[in-house]
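For reference, the structure discussed in these notes is given below.
This is a predicted model, so every value here is computed, not measured. Just so we're on the same page: letters track the sequence lines, and every chain starts at 1.
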There are 2 protein chains.
Amino acid sequence: MSHLLIIGGSDAGINAALRAREMDSSMDISVLVADRFPNYSICGLPFYLSGEVPDWQTLAHRTIEEIERQAIRLWLGHRAVNIDPPNKTVTAVNQESQPRRLNYDRLIIATGAVSARPTLAGLDLPGVFHLRRMGDGFSIERYMSARHPESAIILGSGYIGLEMADALTRKGLTVTLLNRSGRILTELDPELGDMIRGELSKHGVGVVDRIDITSIEKKDQKLTVRNSQSVPLESDLVLVATGVAPETTLAGKAGVVTGIRQAIQVNRAMETNIKDIYAAGDCVETWHRLLNKYAYLPLGTTAHKQGRVAGENAAGGSQEFSGTLGTQVVKIFDLVVARTGLLDKEALEAGFDPLTVKMETWDHKVYYPGASSLHIRLTGDRKTKRLLGAQMIGSYGAEVSKRLDILATALFNGMTVESLNHLDLSYTPPLSSPWDPVQLTAQAWSLEQKFFCH
Amino acid sequence: MSHLLIIGGSDAGINAALRAREMDSSMDISVLVADRFPNYSICGLPFYLSGEVPDWQTLAHRTIEEIERQAIRLWLGHRAVNIDPPNKTVTAVNQESQPRRLNYDRLIIATGAVSARPTLAGLDLPGVFHLRRMGDGFSIERYMSARHPESAIILGSGYIGLEMADALTRKGLTVTLLNRSGRILTELDPELGDMIRGELSKHGVGVVDRIDITSIEKKDQKLTVRNSQSVPLESDLVLVATGVAPETTLAGKAGVVTGIRQAIQVNRAMETNIKDIYAAGDCVETWHRLLNKYAYLPLGTTAHKQGRVAGENAAGGSQEFSGTLGTQVVKIFDLVVARTGLLDKEALEAGFDPLTVKMETWDHKVYYPGASSLHIRLTGDRKTKRLLGAQMIGSYGAEVSKRLDILATALFNGMTVESLNHLDLSYTPPLSSPWDPVQLTAQAWSLEQKFFCH
């Protein structure tokens with residue numbers, strides 16, 4: 001019987017295990033899970049901390065029982081400490097540091113990422129948190145229950161920073177968001193960042209721009225965030241949300257080759273440089289479908305897909321990862337913000353000849369109650385007329401997420417902007433217009449492109 | 001200067017005019033509009049009659065001023081009565097029956113469709129209505145304001161019948177829906193029709209199945225619907241919503257060739273058999289992208305697209321209509337129901353080897369508040385594994401319409417079911433799951449397909 005061993009029990013690891021089982025009902029499949037929370041939706045932690053999700057146990061994509069019912073062995077509380085490729089073994093230790101050696105025929109490394117730690121004194125003070133693992137969520141929850149913080153400072157205005165600004169505001173805290181760049185959510189064009197800024201302001205979240213943090217100090221029960229601006233900032237809680245880094249120490253030690261930001265290099269079959277070792281998820285370099293090269297772009301959706309590919313191949317299949325488009329969506333208070341593909345500046349850097357048009361329209365026929373404003377940006381290549389990317393902002397309930405996915409699907413298929421007008425999309429007055437807003441934007445793009453070329 | 005004349009001022013006609021203007025700023029463009037309501041959203045009439053849209057004027061996609069600002073001449077209240085292709089003229093009469101002859105270099109016929117009239121005595125009694133034109137809407141509105149009907153019978157359980165069952169119920173009427181087939185919305189698989197039946201029942205709409213109407217009679221201020229079942233049905237209002245037929249008498253008289261159900265035959269460039277005469281919208285046969293043949297499938301979205309193609313080509317362009325997928329969506333009370341592509345039985349008839357799988361899942365992560373049940377059906381071809389069609393039912397707010405459009409976009413591009421799993425779709429817990437529900441269904445399809453083939 002063939003042994004598949006997977007290091008890591010989050011998105012990539014569990015998807016790999018489940019897919020391998022679908023492919024091969026007899027394979028022996030084991031997963032090393034460093035904590036006790038396999039297959040948890042860590043994306044749900046902000047909603048747990050906001051109180052919108054009362055029970056953290058519901059954050060599990062699947063229960064342990066559901067996974068084990070697929071004859072997948074979970075080694076909970078077992079952290080891999082060594083991979084020995086020549087002998088095809090992995091050594092893991094449990095929480096009492098007892099070592100255990102496991103054999104494998106095929107190995108999948110799905111060790112994920114860790115929170116980036118800026119070089120900054122005070123990161124380990126009580127009241128200063130990251131948010132990455134279930135344990136981080138519990139720590140914040142315990143601190144909030146015990147100390148009833150009234151104010152919070154968040155370092156970083158990326159997805160996690162924004163979701164936590166929303167969550168802690170709902171929880172009654174006064175929240176201040178600090179960002180170094182002077183921009184909110186740099187994944188979007190600045191104008192869209194400004195719309196998010198408006199939403200934050202509407203809900204009382206303060207934003208301080210162009211600020212560098214020098215240290216965090218504890219003083220009279222308060223945390224003081226010292227910074228490049230003259231006035232030190234005080235709060236009861238500090239969340240450091242300045243990004244993540246791939247967790248690849250173990251892989252590197254075993255001779256697995258890493259690349260961009262130390263992420264593991266894999267091919268499209270999710271194979272590493274070492275025979276019978278695959279890797280997937282936030283610990284690997286990700287193939288970008290539009291850039292035609294690898295990037296480090298850790299996302300839960302990608303981890304699911306890569307895990308599925310790795311699992312399929314480790315069980316004898318021949319699947320390929322089709323590449324990321326960097327599709328992302330976030331809900332911030334009543335606003336939903338999404339993007340797919342490339343921004344104008346990214347397209348330019350990648351050698352395209354981008355044209356970006358913006359449009360403000362209604363999510364559905366304005367005569368039907370509840371119509372709300374939708375902002376769409378389409379980026380296309382002037383020469384090939386190919387769609388390159390899209391951004392969208394609208395209210396929760398305006399089908400922003402799945403409307404953006406029309407464009408993600410179009411991008412996946414290499415469609416031109418003009419051809420979006422030929423898509424047979426669904427229409428009823430309460431949900432769209434006869435030309436969907438994405439098509440109205442495509443028409444504006446085509447007119448502008450024509451104008452520029454004549 | 002070249003003269004473009006368009007007969008018909010609804011979706012196809014106005015889209016043709018606007019696109020021709022985009023293509024050619026100097027062309028002379030005129031539109032004959034039989035009534036006084038060019039470019040009205042007739043799809044919005046049920047929402048006007050329900051009271052959700054208080055002002056019927058807001059149903060205009062564009063105002064007359066907006067159209068005229070594009071230097072498009074609108075001949076309101078002018079009905080075309082003759083086309084003379086050899087002399088390239090059209091004769092129209094105004095509401096006082098005064099004739100006027102107009103020259104054209106290019107002509108676009110966009111005469112739309114009329115309500116189908118079943119062979120049935122009593123269709124012209126006061127209180128018996130169709131719903132197709134703005135005038136129909138006004139007639140119903142006037143009747144309701146003057147007579148305060150308490151009950152309504154609707155013949156037909158297609159899209160209009162269902163939307164009007166919703167609308168009249170909201171207006172306080174007791175509604176009974178009659179259907180001949182024993183099925184609700186035959187455009188969907190019967191099981192999904194049954195879910196709609198549940199929604200109707202929840203809102204107090206009665207449904208009578210397998211009933212043939214023999215006549216409608218007026219008796220003591222009540223309308224009596226005599227039928228094949230023993231008990232005659234009484235109500236204050238009867239709506240006949242038994243489909244539409246293409247309006248092509250004028251075209252036929254001029255020698256324009258018609259085909260399926262007397263709809264005008266066009267090529268993909270929307271040209272008829274007569275040089276310089278184009279046709280578009282509900283009066284033409286529509287190219288079906290999956291069936292690779294023509295069908296009669298009148299839809300507002302299609303009329304918009306065909307109008308745009310006809311207008312572009314009439315102005316010297318060389319655009320082609322890419323074909324319909326029959327994508328449709330309807331909101332019935334709190335339920336949204338959508339389809340694209342082929343049903344299993346339609347695929348079978350068309351010579352495919354279809355496999356349909358169904359899935360019930362959540363529209364977004366169930367831990368986040370407001371998750372609701374989503375039913376998805378995917379039909380794919382066992383041999384080629386190509387996606388052939390999809391159906392979806394969920395609650396309003398569950399992004400059903402634009403989620404279905406992911407599949408419409410995939411269908412347009414000829415994707416396989418398995419490749420849906422490679423789409424980089426957007427995910428945040430309040431709006432989806434890491435594998436979007438359409439991908440979960442695709443995975444179930446692949447497993448079932450594999451099981452059948454091994």
Enter the distance from T327(B):OG1 to Y427(A):OH here, rounded to the nearest 0.5 Å.
14.5 Å

Would you mind reporting whether L425(A) and K402(B) have side-chain heavy atoms less than 4.5 Å apart?
yes

Shorter than 4.5 Å, heavy atoms on both sides: which option in A398(B), P369(B), A338(B), P46(B) has the most such pairs with chain A?
P369(B)

Cut-off 4.5 Å, heavy atoms of chain B, and the answer for V400(A) is backbone

For R170(B), what residues pass the side-chain hydrogen bond (donor to acceptor under 3.5 Å, both in side chains) criterion, not counting sequence neighbours?
D166(B)

What's the separation between atom CD1 in I406(A) and atom CG in D405(B), rounded to the nearest 0.5 Å?
4.0 Å

Atom NE2 of H422(B) and atom OG1 of T324(A): how far apart are they, to the nearest 0.5 Å?
13.5 Å

Heavy-atom closest contact (Y367(B) atom, S41(A) atom, distance)
OH-OG, 2.6 Å

The interface call for D11(A) against chain B, heavy-atom contacts under 4.5 Å, is neither

Atom CZ in R19(B), atom CG in N421(A): separation rounded to 0.5 Å?
8.0 Å

Restricting to non-hydrogen atoms, name the atom on Y396(A) and the atom on P430(B) that form the minimum distance, rounded to 0.1 Å.
OH-O, 3.0 Å

Are K365(A) and T58(B) packed together at the side-chain level, in the sense that at least one heavy-atom pair is separated by less than 4.5 angstrom?
no

With sequence neighbours excluded, residues passing side-chain hydrogen bond (donor to acceptor under 3.5 Å, both in side chains) with H364(A)
none

Name the option with the most non-hydrogen atom pairs under 4.5 Å to chain B; the candidates are T428(A), L404(A), T340(A), N413(A).
N413(A)

Rounded to the nearest 0.5 Å, what's the gap from CG on L431(B) to CD on E399(A)? Could you check?
10.0 Å

Heaviest contributor of heavy-atom pairs below 4.5 Å to chain A, chosen from A408(B), G397(B), G44(B), is G44(B)

Where on D436(A) is there a heavy atom nearer than 4.5 Å to chain B: the side chain, the backbone, both, or neither?
side chain

Among side-chain atoms of S426(B) and S401(A), is any donor-acceptor pair under 3.5 angstrom?
yes

Per-residue contact mode, Q439(B) against chain A (heavy atom under 4.5 angstrom)
side chain

Nearest heavy-atom pair of P434(A) and H61(B): which atoms, and what distance?
CG-CE1, 3.5 Å

Look up atom CG in L411(B) and atom OG1 in T409(A), then write down how far apart they are to the nearest 0.5 Å.
11.0 Å

Side chain, backbone, both or neither: which part of S432(A) has an atom under 4.5 Å from a heavy atom of chain B?
side chain

Residue pairs fulfilling salt bridge (Lys or Arg N to Asp or Glu O under 4.0 Å) with at least one residue in residues 406-430 of chain A, sequence neighbours excluded
E418(A)-R308(B)

Under 4.5 Å from any heavy atom of chain B - which part of Q319(A):
side chain

Heavy-atom distance under 4.5 Å to chain B: side chain of M23(A), backbone, both or neither?
both

Are there residues of residues 297-307 of chain A whose heavy atoms fall under 4.5 Å of chain B's heavy atoms? If so, which?
T301(A), H304(A), K305(A)

Looking at side-chain heavy atoms only, is the closest gap between F412(B) and M415(A) below 4.5 Å?
yes

